[in-house]
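See structure below.
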Amino acid sequence: MVVDSQLMSFFTAGSLIVIGIFAALFLDNLIKKIIGLAFLGDGVNLFIITMGYKPGGIVYIFLPDMTISNFAQTSAYPLPFALVLTNIVIGASTLAVILGLVLILNKRHGSLSASKILRDKGE
Amino acid sequence: MDLNALIAVMIILPIASALFLNLLHKKDRTIKIIAIITAVVLPIIPLLTPYGSHFFGGYLPLAQNSTLAQGLPAIITGTQLSQFHLGIMYVFSSAQQLMIFILGIITFFAIFTFINETKKPSGVYAFLLFMGTASLSAILLSDDIFNLFVFFEIAALAQVGIVVASGIKDNYETALKYILIGNIAGPLLLLGIVMLLGVTGNVNVTDMIFSIKNGFVDPQSPVLLMALSLITFGWLYASGLPPFHTIKSEVYSKALPHGAALIQAFSVFTLVAIGIIIIRLFSYNPFTHIAIIGISVIAMILGITMALMQTDYKRILGYLAVGELGYIGIGLGLGTALGITAGLFQAINESVITSFLFIGFGTVLYKTRTSDTKKLGGMMYVNPKVALLVLLAGLAMAGVPPLNAFQSKLMLIQASIQSGLPEIGIIMILLSIVTFMTFMKAFYTVYMRPKPKELEVLDNKIPKSTIISLVAFLIICITLGLFPQIATSSLQTLAAGLV
């Protein structure tokens, strides 16, 4: 059923968000934390896409053989998809900065352990 | 020429200048010239721009745009859909004018100090300062909550960059911590925004309010409550209110003084901008006001008491700045016209005073290369003029008349009494006394006690530009203290609209 697939998609998004937050907060390895953050970002993106899904809807591209009225009634709402595109770009840039910082800290401390890096801090 | 296009110029100019400066490497003179010209122009633009709205792409609502509405079916033009905004909209009123002007002034003095204190100014550092300013201007202007989120992320990245570029010990660790937390807060803020989108079908704040007020959306919907809590979480992170006060004060302490001055201004104006949106959207729910006041009181108590325990003067200032944010939050949380005006006025005052203090105390770092109060002393004899200016800045923060924070804190106390919450007024008075004590303790250890023998004071002379910046901040403090109506008259219209 269509409704079920949308519900499942919301459930998957929720799971990704919870797993992502857990990994970012409780795992010690910085790379695992970053993977958790990627999960979190992807979960939010999936949530937005699922929200924009319209059962039986069409892609929001106005083709020559369509009437405006028919297009307005059947096309999916494009705004959530535009938001997702922007958020993917933001997420990629932020992750790039985090990875850069982790690279430098790994060279300095010789470890990817968040607790070790923060323990070494100030010494 | 449509002068409302100048609204967009407030964002485009610093971004364009930042991108250009980023490309310049080892071209010190060019960097200095471009940075100074941009910094001079920034506070002037809001003064020249007429109040109004700017519609990106020219997309006015269909009800005001007959050309676009032509040929569209009645299912769109004949319903409330025709009222909705089709593109990103920026709104510019007297309150935004004042706040962007003050932000421009702080940016100018941050750039001015940076250019003159640094032998070889980095184009990348100037890029970060300008990108932060552009983001904050956009956050203050935008009526589109997703657009606000985009600039929220850019501002967070700019702050991380300013910390990384400082070269202060352990700055990378602090930057990583801040961005990791930010990467949790950012997506959660976005989740709150898309929940609002899901319920109202919009990301434009005015349209969302229209939907809530006209019964298209159930105001008691649990999705709206969830959205409120997620947006509040993002707001706490961006402004540095508890539980993010520790990381925020650490960020201040790991930035260079001019960078810290600007970062705290970013925190203050983000607090105001997102706080106003929360009030506009959720003021129908009394829990919103209670939550804002509760968080603000905790911020005041935690910020000011934790400042007492620090031994690094940059951390002291950082925590004091967090404590002062609490005053702004209380003004917004009271929800009355006087309370909101007082809160906004306090935001203007705090951004100026804390910048004044960061740049003033920064001269100690410039002369000694340390910010540890245990190692410092006798700085009054090194430069008595700067010491006097810093003392005045501290008195301003504590709310001593006739300086500016006295007026805003007095208004806040009056507003809390008017709202039937005199106990909050008493807490504010007590915490102002503790702020004064904390500042005097830091001032005594850095400036007044005998100079430790092992303290090495460098020969480098404090640049005149730094002194000029401090005097300018003092003039603003005195002017707003003697004539508060200059600021309050600009803020009252916005405050009245929020009640």
Side-chain angles (χ1 to χ4, degrees), chain A residues 13-14 16-17 20-21 23-25 30 33-34 36-45 47-52 67-73 77 79-80 82-84 86-87 89-91 93-105 107-109 114 117-123, chain B residues 70-77 79 81 84 86-87 144-147 149-154 156-158 160-161 163-164 169-199 201-204 223 230 250 254 312:
Chain A
L16 281 171
I17 291 169
I21 292 175
L25 290 180
L30 284 172
K33 272 187 193 289
I34 293 172
L37 292 174
F39 268 41
L40 172 58
D42 290 344
V44 174
N45 286 341
F47 184 91
I48 305 172
I49 291 168
T50 311
M51 208 180 61
T67 62
I68 291 179
S69 181
N70 185 35
F71 178 75
Q73 283 172 10
Y77 189 32
L79 188 57
L83 304 192
V84 164
T86 316
N87 194 40
V89 176
I90 293 170
S93 336
T94 321
L95 280 183
V97 175
I98 298 177
L99 282 167
L101 287 171
V102 169
L103 211 66
I104 293 167
L105 288 172
K107 272 188 189 168
R108 280 192 183 177
H109 298 270
I117 288 171
L118 295 178
R119 203 171 47 239
D120 288 354
K121 190 180 156 189
E123 283 176 6
Chain B
Q70 210 169 22
L72 289 177
I75 190 174
I76 298 170
T77 52
T79 62
L81 286 175
F84 289 161
L86 304 172
D144 179 297
I145 200 165
F146 184 75
N147 186 256
F149 164 76
V150 172
F151 283 105
F152 162 99
E153 291 283 7
I154 297 173
L157 281 176
V160 168
V163 172
V164 167
K169 192 170 176 284
D170 296 334
N171 59 336
Y172 282 96
E173 287 82 350
T174 303
L176 181 71
K177 259 203 284 183
Y178 189 66
I179 200 169
L180 282 177
I181 299 169
N183 237 30
I184 299 174
L188 291 183
L189 171 68
L190 179 62
L191 198 59
I193 292 169
V194 295
M195 281 181 178
L196 282 175
L197 168 68
V199 174
N202 266 300
V203 282
N204 183 286
V223 181
L230 290 169
E250 199 177 322
K254 298 295 174 194
D312 181 310

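Below, read A as the first sequence line, B as the second, and so on, with proteins coming before strands; counting in each chain starts at 1. Everything numeric here is computed off the predicted structure, so don't read it as measured data.
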**Study point:** Verdict with supporting geometry, B:L190 and A:I48, side chain to side chain contact (heavy atoms under 4.5 Å, CB included)
**Key:** CA-CA 9 Å; B:L190 179 62; A:I48 305 172; 4.0 Å; yes
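Side-chain contact check for B:N202 versus A:L79: every heavy-atom pair is 4.5 Å or farther apart. Looking at B:V164 and A:V97, their side chains never come closer than 4.5 Å, going by heavy atoms from C-beta outward. Counting heavy atoms from C-beta on, the side chains of B:L188 and A:I21 come closer than 4.5 Å.
Scanning for side chain to side chain donor-acceptor pair (under 3.5 Å) contacts around B:D144 gives an empty result, with sequence neighbours left out.
Residue B:F146 places its CZ atom among more than 12 non-hydrogen atoms of other residues, nucleotides or ligands, all under 6.0 Å distant.
Distance CD1/B:I184 to CD1/A:I17: 12.5 Å, rounded to 0.5 Å. Atom CD1 of A:I117 sits about 12.0 Å away from atom NZ of B:K177, to the nearest 0.5 Å. Within the model, atoms CG of B:L176 and CG of A:L101 stand 5.5 Å from one another, a figure rounded to the nearest 0.5 Å. Separating the CG atom in B:N147 from the OG1 atom in A:T86 is a distance of 9.5 Å, to the nearest 0.5 Å. Here the CG-CD distance, from A:L118 to B:E173, works out to 7.5 Å after rounding to the nearest 0.5 Å. Rounding to the nearest 0.5 Å gives a distance of 11.5 Å between CG of B:L180 and OG1 of A:T94.
No side-chain donor-acceptor contact under 3.5 Å links B:Y172 to the backbone of A:R108.
Annotation for A:M51 and B:V194: closest pair SD-O, 3.2 Å, computed over non-hydrogen atoms. The minimum heavy-atom distance linking A:P80 with B:L197 is given by the pair CG-CD2, 4.2 Å.
Interface remark: A:L83 contributes backbone and side-chain atoms alike to the contact with chain B (heavy atom separation under 4.5 Å).
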